[in-house]
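Report on the following structure.
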Amino acid sequence: LAVASYKKHINKDKPCKRFVLYYHDKLFEGDDVGNATSAAVYNGTGLGNFKFGKMVVFDDPLTKDRSFVSPPVAKAQGFYFYDMKTTYNAWFAYTLIFNSTEYKGTLNIMGADMMDEPMRDLSVVGGTGDFFMSRGVVTFQTDVAEGIYYFRVKMDVKLYECY
Amino acid sequence: LAVASYKKHINKDKPCKRFVLYYHDKLFEGDDVGNATSAAVYNGTGLGNFKFGKMVVFDDPLTKDRSFVSPPVAKAQGFYFYDMKTTYNAWFAYTLIFNSTEYKGTLNIMGADMMDEPMRDLSVVGGTGDFFMSRGVVTFQTDVAEGIYYFRVKMDVKLYECY
Amino acid sequence: LAVASYKKHINKDKPCKRFVLYYHDKLFEGDDVGNATSAAVYNGTGLGNFKFGKMVVFDDPLTKDRSFVSPPVAKAQGFYFYDMKTTYNAWFAYTLIFNSTEYKGTLNIMGADMMDEPMRDLSVVGGTGDFFMSRGVVTFQTDVAEGIYYFRVKMDVKLYECY
């Protein structure tokens, strides 16, 4: 099977698998080990006023509804950092880990989170287990940001390669 | 459609999309917020003499020609770090962000930058928007390195999966 | 060629390429530049007792057998960090670099290393050179962990897209 390159059409409205999850990031404040789900490993450079360089490692729960205390259906392990001097903007790389009766496996994700945009797309670059070799797109929407210690993002995960 | 695995041929000389861009990295010196496009979040370990572990977060412009002040056609947000003790070598993960009349969307890229090689290949592992689900290769060539605060890399982006 | 999305079957038992390698990580102790292959760039937050946030940059050898001093057949350049507060767990992103008579090229890998599991899968998200455009899965098995300065992981690299 020889091809010069791929020029195919995939219908963006018809992912082969899709789920909407709420991602909760509760940043460690120093005395809340029980509640915190992430922690800063670097607090930022002096390049501008939008935390340029601040880097956070996370092990964050994902729930089907908006409640932080709902039973998580997956978790997200990875990191993000802020990377603009003129506004808030972040870059993410992480793994969605499923370990439930419904799904067992992981999805690996990376991309830019242009926080000023209402919706922004990151890439699902691979998967394992029930998501073996999957690829797709995750659409982020900020659901709420409460000060600097808690935010919630709606993640709409759409897979276009399912095996 | 059942396949044991993929063994296909793609002609490396015929990408379905290609563009050559110049990436400019102007490292923050502490007092040049206006010009700087990147900043170190860690200054390196003592493992060898080649900045092992030095980590830089960037929001760097890409231009069609070599001039730092040309209008950028895209930007690159992400990070790199140095990772060899016997020579300069870096590892990159970043997102190319296009927001022009020509293209809107992102390409997600990662890989090793073996700086001693004249040309080195990194992977385009995913894309969004006009680059929905794209994959390919980016070839780096150092164009100039001026001291420790500025370097320019020619990035030859070749996509072999276009949708 | 128009498709709504991909729903294909790949036989997980029949990768188009496979190799088993041993990854050696010898963390820099401050006075062993000659032997060390990695170095911590951050020593961890106080979130729990399992090095949450500790980040390590590495240039680690891979060998065909278990011996650290065997001739490496590849090297791994990238980073990992610990990301759980209740147990040891890490997240990896790195490039496998081959430069031998057998293979020349790179494989780019990312994913979660759930160290309590006997086997865990990460994603091969791209490749270059002899591994042009490859994708697949890497299965990690901890082979030995000697204190905090040396560990060895068996990496079973299985490619399911070969071009």
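Side chains included, hydrogens not; waters and symmetry mates left out as well; all remaining heavy atoms used. Numbers restart at 1 for each chain; the letters A, B, ... are given by sequence-line order, proteins then strands.
With respect to chain B, the highest number of heavy-atom pairs below 4.5 Å among A/L47, A/V137, A/V124 belongs to A/L47. Ranked by heavy-atom pairs under 4.5 Å with chain A, the list B/G136, B/G78, B/S134, B/G105 is led by B/G78. By number of non-hydrogen pairs under 4.5 angstrom with chain B, the leading residue of A/D83, A/D121, A/N43, A/T86 is A/D83. When A/A112, A/G126, A/G48 are compared by the number of non-hydrogen pairs under 4.5 Å with chain B, A/A112 comes out ahead.
More than 12 non-hydrogen atoms from other residues, nucleotides or ligands lie less than 6.0 angstrom from CG of B/D143. In the displayed structure, B/K104 atom NZ is contacted under 6.0 Å by more than 12 heavy atoms of other residues, nucleotides or ligands. Around atom CG of A/D32, more than 12 heavy atoms belonging to other residues, nucleotides or ligands sit under 6.0 Å away.
Proximity of A/M114 to B/T106: side-chain heavy atoms (C-beta onward) are separated by under 4.5 Å at one or more points.
Between B/F79 and A/F79, the angle of the ring planes goes over 60°, which puts this pair in the perpendicular group of the 30/60° scheme.
Closest approach of B/V125 and A/M110 over heavy atoms only: CG2-SD, 3.8 Å.
Looking at B/N35, the atoms closer than 4.5 Å to chain A (heavy atoms on both sides) all sit in the backbone: N, CA, C or O. The contact between B/A40 and chain A is made entirely by backbone atoms, counting heavy-atom distances below 4.5 Å. The part of B/I109 that comes within reach of chain A is its backbone (N, CA, C, O), which places non-hydrogen atoms under 4.5 angstrom from that chain.
Side-chain atoms of A/K12 never come within 3.5 Å of backbone atoms of B/F132 as a donor-acceptor pair (strictly under, hydrogens ignored). For the pair A/S123 (side chain) and B/G127 (backbone), a donor-acceptor distance under 3.5 Å is present.
Across A/F52, A/F81, A/Y42, a single residue satisfies side-chain contact (heavy atoms from CB on, under 4.5 Å) together with B/V41, and that is A/Y42.
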